[in-house]
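All of these numbers come straight from a predicted model, not from anything done at the bench. All values below come from the heavy atoms of this structure, side chains included, with hydrogens, waters and symmetry mates left out. Here is how names work: the chains are called A, B, and so on, in the same order as the sequence lines, proteins then strands, and each is numbered from 1.
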There are 2 protein chains.
Amino acid sequence: MSRVVASITLTQGVAEHLRSLIHRGEVGPGDRLPPERVLAEQLGVARMSLRDAIKILQDDGYVEARRGAGGGTFVTELQRPVETWRARMREQVGEFDDIIDYRIALEAHTARLAAARRTQSDLAALRAAIKSLGRGRGVAAFRQADSRFHDALARSAGNARLQTAIHSARGELFTPHDFLMHEGPVEQSRQDHQAIYVAIREGDPDAAESLMRTHIERTRLQLREIVFGRDDSA
Amino acid sequence: MSRVVASITLTQGVAEHLRSLIHRGEVGPGDRLPPERVLAEQLGVARMSLRDAIKILQDDGYVEARRGAGGGTFVTELQRPVETWRARMREQVGEFDDIIDYRIALEAHTARLAAARRTQSDLAALRAAIKSLGRGRGVAAFRQADSRFHDALARSAGNARLQTAIHSARGELFTPHDFLMHEGPVEQSRQDHQAIYVAIREGDPDAAESLMRTHIERTRLQLREIVFGRDDSA
DNA sequence: GGTATAAGATCTGAACCCTGTACCTTTGCT
DNA sequence: AGCAAAGGTACAGGGTTCAGATCTTATACC
């Protein structure tokens, strides 16, 4: 019987939402958020609540605000947030692997469902996401393209709960800048996505699930190396 | 860009928490909740907030309050809530299957992890849960024993995110009273649990995952029959 | 260079939510 | 009869959220 019921404020909720968008790469360095009045309207919250949320992200170094015409709220280069995230992952042992395991649970089965249910337009969205991983340079572009693919896949499965949970799990991760030190990971990722796409197009649930699992396990290793250092000591 | 950020009140959160406990069978018909002052303390909320939550459950027919010494807040026979739930599942097409698919994603992988990580005390908890499915009669006893098993399993995987998500998904389902019309389902469930237990004890992730998947698929069919009627028309 | 404009920054008051504390009422038990 | 253990009520203070008005700053354009 009984466990604590946490109560987070609207402001915190909005801050987490925006932070997740940035972590997932849906908005990246240099991008401008919509004007406060507009964004508040879109999110369905009062402008004050949104401002408080933005204040939190400002303090954490995610965004900075510029006044005047042509001003707005801009995403920073994210160096400080990335370092903070990396430090947290190093401290809270097991947290990193828990998030990855959670992702595997959700996304492997999602890939399975997608293979059975995808429509033609789902396939088109997946193809587009793979294509954009080829173009663009830099972490920001990678984050975004990667996010697009996994999001398109979640959509294809047609299950709102899975999609929400996947967003939440992915929003807890954060690809550091030095992910692209070598060209390897990006190309590897592209190949993984391509293989998953084929399995889904061919309607092969077992392959889709298995490939997704392998893909995320590979991500685990690559990220782990960057976060914890090559041989665990540093 | 942008999606709505919902803000639920503490009261609603507490109500959902308690509703989930009842749906999962952790407390059943006739059980008494802890005294308001105690429960409020345990949950970390003000007594008023808890009372408002209980008020909601009262209006929905989940609990009823009796005053005086030896009084308290008691779980009802749950007939009305079950009917309400069944009606909602019939109306919101796809909702039922989405919850089940979500459970499969979470619990199949959880079983896999559990097979690799379970400790001796995890195994003992699983055995105890299986045993209690053999005893007890009635839906309430079934709900509870079933819940105990799946909960013990989630614990064995040692991943807080998975455990929370599984609770949330299971809390959205509700085993109706006529689940026990025939003796079949309960015995079937017991055998499924037993087989999953063996796979986990033997440290066989593939078997554990596959058996869990099959088990929940079976649950889907049995529940569907009860919720939607035998041949889909009715 | 001045001015219109598009932003962020501030302020206010009403409504609601949550908390803590005190007190009332009912009812079973000794 | 009286005590104790419950739920039921009341209220004041503080925090959140909202809607709206107003102020300030910086750019872009004439």
S.K.: Specify whether B:His193 and B:Phe149 have parallel, tilted or perpendicular ring planes, treating 30° as the upper limit for parallel and 60° as the lower limit for perpendicular.
M.R.: parallel
S.K.: Between B:Arg170 and B:Asp146 (salt bridge meaning N to carboxylate O under 4.0 Å), is one present in this structure?
M.R.: yes
S.K.: Could you state the CD1-P distance from A:Ile8 to C:dC17, rounded to the nearest angstrom?
M.R.: 17 Å
S.K.: With a 4.0 Å heavy-atom cut-off, tell me which residues in residues 57-66 of chain B come close to DNA chain C, sorted by residue number.
M.R.: none
S.K.: With nearest nucleotides of DNA chain D determined for A:Gly71 and A:Leu50 from heavy-atom distances, which residue corresponds to the more 5′ nucleotide?
M.R.: A:Leu50
S.K.: For the side chain of B:Arg66 and the backbone of B:Phe74, is there at least one donor-acceptor N/O pair under 3.5 Å apart?
M.R.: no
S.K.: Rounded to the nearest angstrom, tell me the gap between atom CZ in B:Phe74 and atom C1' in D:dA5.
M.R.: 12 Å
S.K.: Between A:Arg24 and A:Asp151 (salt bridge meaning N to carboxylate O under 4.0 Å), is one present in this structure?
M.R.: no
S.K.: In whole Å, what is the span from the CG atom of B:Leu39 to the C1' atom of D:dG7?
M.R.: 13 Å
S.K.: If you draw the axis of the six-membered ring of B:Phe96, does the NZ or CZ of B:Arg224 fall within 45° of it and under 6.0 Å from the ring centre?
M.R.: no
S.K.: I'd like to know if B:Glu83 and B:Arg80 make a salt bridge, using a cut-off of under 4.0 Å between side-chain N and carboxylate O.
M.R.: no
S.K.: Each nucleotide in nucleotides 19-30 of chain C should get exactly one letter: B, S or -. Can you fill that in based on protein heavy atoms under 4.0 Å?
M.R.: B---B-SBBS--
S.K.: Under 3.5 Å, which donor-acceptor pairs link side chains of residues 122-131 of chain A to any protein atom two or more places apart or in another chain?
M.R.:
{"unit_1": "A:Asp122", "atom_1": "OD2", "unit_2": "A:Thr119", "atom_2": "N", "d": "2.9"}
{"unit_1": "A:Asp122", "atom_1": "OD2", "unit_2": "A:Thr119", "atom_2": "OG1", "d": "3.2"}
{"unit_1": "A:Arg127", "atom_1": "NH1", "unit_2": "A:Tyr197", "atom_2": "OH", "d": "2.8"}

S.K.: Specify the separation, in whole Å, of atom CG of A:Asp52 and atom P of D:dC18.
M.R.: 10 Å
S.K.: Take atom CG of A:Leu43 and atom P of D:dA19, then tell me their distance rounded to the nearest Å.
M.R.: 13 Å
S.K.: Could you tell me whether the phosphate oxygens of C:dC17, OP1 or OP2, come under 4.0 Å of any side-chain nitrogen or oxygen in B:Thr11?
M.R.: no
S.K.: Would you classify B:Thr73 as touching base, sugar-phosphate or nothing, given that sugar-phosphate means primed atoms plus P, OP1 and OP2, and contacts are heavy atoms under 4.0 Å?
M.R.: sugar-phosphate
S.K.: Of all the heavy-atom pairs spanning A:Ser156 and A:Ala114, show the shortest one and how long it is.
M.R.: CB-CB, 3.8 Å
S.K.: For B:Gln12 and A:Arg51, find the nucleotide of DNA chain C closest to each by heavy atoms; which residue's nucleotide sits nearer the 5' end?
M.R.: A:Arg51
S.K.: Quick check against the 3.5 Å criterion: does A:Asp59 have a side-chain atom that pairs as donor or acceptor with the backbone of A:Ile56?
M.R.: no
